[in-house]
S.K.: 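Quick one: the structure is below, questions incoming.
By convention in this document, chain letters (A, B, ...) are assigned in the order of the sequence lines, proteins followed by strands, and residues within each chain are numbered from 1. From a predicted model like this one, the values you see are computed outputs, not experimental measurements. Excluded from the calculations below are hydrogen atoms, water molecules and symmetry mates; all remaining heavy atoms, backbone and side chain alike, are included.
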Amino acid sequence: MPELPEVETVRQGLIRCMVGHRLAKVDQRRADLRFPLPRDFARRLTGRTVTAIDRRAKYLLLHLDDGMVLMIHLGMSGRIVVGRRGGVGNKLGEFHHETVRSDSGGRDAHDHVVFTTDHGFVVTFNDPRRFGMMDLVSNNALHEHKLLKSLGPEPLEDAFDAQALAARLRGKRTPIKAAILDQNLVVGVGNIYACEALFRAGISPRRLAGTVKGERAERLVKSIKDVLRAAIKAGGSSLRDYVQADGELGYFQHHFQVYDREGSACPKCGQKIKRLAQGGRSTFYCAKCQR
DNA sequence: CGCGCTCCCTGGCCGC
DNA sequence: TGCGGCCAGGGAGCGC
């Protein structure tokens with residue numbers, strides 16, 4: 001998925017074509033994504049105006065004019081593609097690097113929900129693996145939502161500092177890589193940015209989480225913030241499945257220093273980058289630079 | 001409670 | 001070119 005920088009990029013794209021606009025039509029093409037969609041999902045959204053779009057962790061939060069919030073998670077393979085009603089329009093219909101489409105043209109088998117705004121924007125949620133989710137929740141109860149209530153701090157907020165991180169890691173005997181992927185510890189960091197942040201901080205992914213404190217915690221916090229900010233600035237990373245909300249490609253993948261670079265030279269020392277499996281996921285790192 | 005593992009689902013890619 | 005196996009950015013849920 002889409003980790004924090006990609007979700008943030010999508011959020012910024014959606015603000016431009018949805019905030020202040022009314023959902024004139026909502027086409028729900030499946031009963032469920034990862035979870036069943038709420039009862040009367042399309043009917044409850046139709047006619048509503050989007051008043052604001054926030055992000056919490058990797059969740060997009062579309063605030064509606066009736067006090068409800070549409071929660072969207074992109075899972076591993078979720079994308080949001082924006083086009084114009086009745087035509088390709090601008091660069092808005094680019095898809096999967098090359099296929100151009102509009103709503104009047106083809107429909108992809110994995111287009112699960114399609115919103116059409118009163119200004120003629122067609123916003124399509126596409127998710128081949130269906131690990132994504134959507135839910136409709138009252139703004140008042142938003143923070144009690146099961147999926148939001150135990151999330152950790154936002155990594156880009158000032159409150160997430162070395163002390164806060166060290167406090168959360170204290171006594172933990174899991175590898176630091178697993179710890180920073182845990183959304184209850186800190187949100188938004190997925191497999192790619194976990195690898196990149198640990199490399200920048202010079203910390204071994206296998207190091208016991210509880211030993212990351214003091215100077216090391218300072219370096220890790222700075223690295224997490226730096227890599228996420230740089231990726232947001234680059235418009236996210238485009239991997240196999242991901243494009244920005246407007247179909248443009250993010251380019252941060254060209255800045256990966258270790259992720260998916262097994263066998264290549266470490267950009268700092270030149271030694272070969274290694275790969276190891278942690279909790280069933282690949283970790284890429286430099287055994288010399290990361291301790 | 002903390003931790004590790006499995007599973008949800010589809011598709012792309014690699015090797016044969 | 002066809003096919004099986006493996007891998008993929010997340011994270012809920014289970015068992016120990």
S.K.: Rounding to an integer number of angstrom, what distance separates C/dC14 and B/dC9 when you compare their P atoms?
M.R.: 16 Å

S.K.: Looking at residues at least two apart in the chain, or sitting in another chain, which of them share a side-chain hydrogen bond (donor to acceptor under 3.5 Å, both in side chains) with A/K272?
M.R.: none

S.K.: Need one value for A/R34: base, sugar-phosphate or nothing, where a base atom within 4.0 Å counts as base even if backbone is also close, heavy atoms only.
M.R.: base

S.K.: Keeping the roles fixed (side chain from A/K177, backbone from A/N191), state whether a donor-acceptor pair exists under 3.5 Å.
M.R.: no

S.K.: Let me know the distance between CG of A/L33 and P of B/dC8, rounded to the nearest Å.
M.R.: 17 Å

S.K.: Could you state the atom-to-atom distance from CZ of A/R130 to P of B/dC7 in whole Å?
M.R.: 18 Å

S.K.: Looking only at the aromatic ring of each residue, does the gap between the centers of A/F252 and A/H255 stay below 6.0 angstrom?
M.R.: yes

S.K.: Without decimals, in angstroms, what is the distance between A/M71 CE and C/dG11 C1'?
M.R.: 13 Å

S.K.: Determine the interatomic distance between P on B/dT6 and the same-named atom on C/dC6; round to the nearest Å.
M.R.: 14 Å

S.K.: A/G190 near the nucleic acid: base, sugar-phosphate alone, or nothing, with a heavy-atom cut-off under 4.0 Å?
M.R.: sugar-phosphate

S.K.: Hey, could you give me each pair passing ring-ring contact (aromatic ring centres under 6.0 Å, His included) that has a residue in residues 8-38 of chain A? Not counting sequence neighbours.
M.R.: A/H21-A/H119, A/H21-A/F121

S.K.: If a pair satisfies ring-ring contact (aromatic ring centres under 6.0 Å, His included) and one of its residues is in residues 201-226 of chain A, list it, with sequence neighbours excluded.
M.R.: none

S.K.: Roughly, in whole Å, what's the span from CG in A/L185 to P in B/dC1?
M.R.: 16 Å

S.K.: Between A/D127 and A/G132, is there a donor-acceptor pair closer than 3.5 Å when you use the side chain of the first and the backbone of the second?
M.R.: yes

S.K.: Pairs under 3.5 angstrom only: tabulate donor-acceptor contacts from the side chains of residues 161-169 of chain A to other protein residues two or more places apart or in another chain.
M.R.:
residue: A/D161; atom: OD1; partner: A/Q163; partner atom: N; Å: 3.3
residue: A/D161; atom: OD1; partner: A/A164; partner atom: N; Å: 2.9
residue: A/R168; atom: NH1; partner: A/N184; partner atom: O; Å: 3.1

S.K.: What's the shortest heavy-atom distance between A/P205 and A/Q278, and which atoms?
M.R.: O-NE2, 3.2 Å

S.K.: Report yes if a side-chain nitrogen or oxygen of A/H73 is closer than 4.0 Å to either non-bridging phosphate oxygen (OP1 or OP2) of C/dG11; otherwise report no.
M.R.: yes

S.K.: Just need the stems in DNA chain B: three or more back-to-back Watson-Crick or G-U pairs, each with both distances under 3.5 angstrom, sorted by first number.
M.R.: B:2-8 with C:10-16, B:10-16 with C:2-8

S.K.: Nearest whole Å is fine: how far is C/dC6 C1' from A/R275 CZ?
M.R.: 10 Å

S.K.: Separation of A/Y193 atom OH from C/dG10 atom P, in whole Å?
M.R.: 10 Å

S.K.: From the set C/dG11, C/dC7, B/dG11, return the single nucleotide nearest to any side-chain atom of A/S282.
M.R.: C/dC7

S.K.: A quick test of your reading: do over 12 heavy atoms of other residues, nucleotides or ligands sit less than 6.0 Å from NZ of A/K268?
M.R.: yes

S.K.: Report yes if the ring of A/F131 lies under 5.5 Å from the six-membered base ring of C/dG11 with planes under 30°, and no otherwise.
M.R.: no

S.K.: OP1 or OP2 of B/dG11 less than 4.0 angstrom from a side-chain nitrogen or oxygen of A/H110, does that happen here?
M.R.: yes

S.K.: Just checking A/L181: base, sugar-phosphate only, or nothing, at a heavy-atom cut-off of under 4.0 Å?
M.R.: nothing

S.K.: Just compare C/dA8, C/dG11, C/dG9 and give me whichever is closest to any side-chain atom of A/R129.
M.R.: C/dA8

S.K.: Using heavy atoms to find the nearest nucleotide of DNA chain B for A/A109 and A/G280 separately, return the residue whose nucleotide is more 5′.
M.R.: A/G280

S.K.: How many whole angstroms separate atom CD of A/Q278 from atom P of C/dC7?
M.R.: 16 Å

S.K.: So, for A/I53 and A/R11, which heavy atoms are closest and what is the spacing to 0.1 Å?
M.R.: O-NH1, 2.8 Å

S.K.: Let me know the distance between CZ of A/R30 and P of B/dC8, rounded to the nearest Å.
M.R.: 15 Å

S.K.: Does anything in residues 169-178 of chain A reach DNA chain B, meaning a heavy atom under 4.0 Å, and if so which residues?
M.R.: A/K172, A/R173, A/T174

S.K.: Do A/Y285 and A/E262 pair up side chain to side chain, a donor and an acceptor below 3.5 Å, judged on atom types alone?
M.R.: no

S.K.: From C-beta outward on A/N191, which listed nucleotide comes closest to its side chain: C/dG10, C/dA8, C/dA12?
M.R.: C/dG10

S.K.: Looking at A/K58, does any N or O in its side chain come under 4.0 Å of the phosphate oxygens OP1/OP2 on C/dG9?
M.R.: no

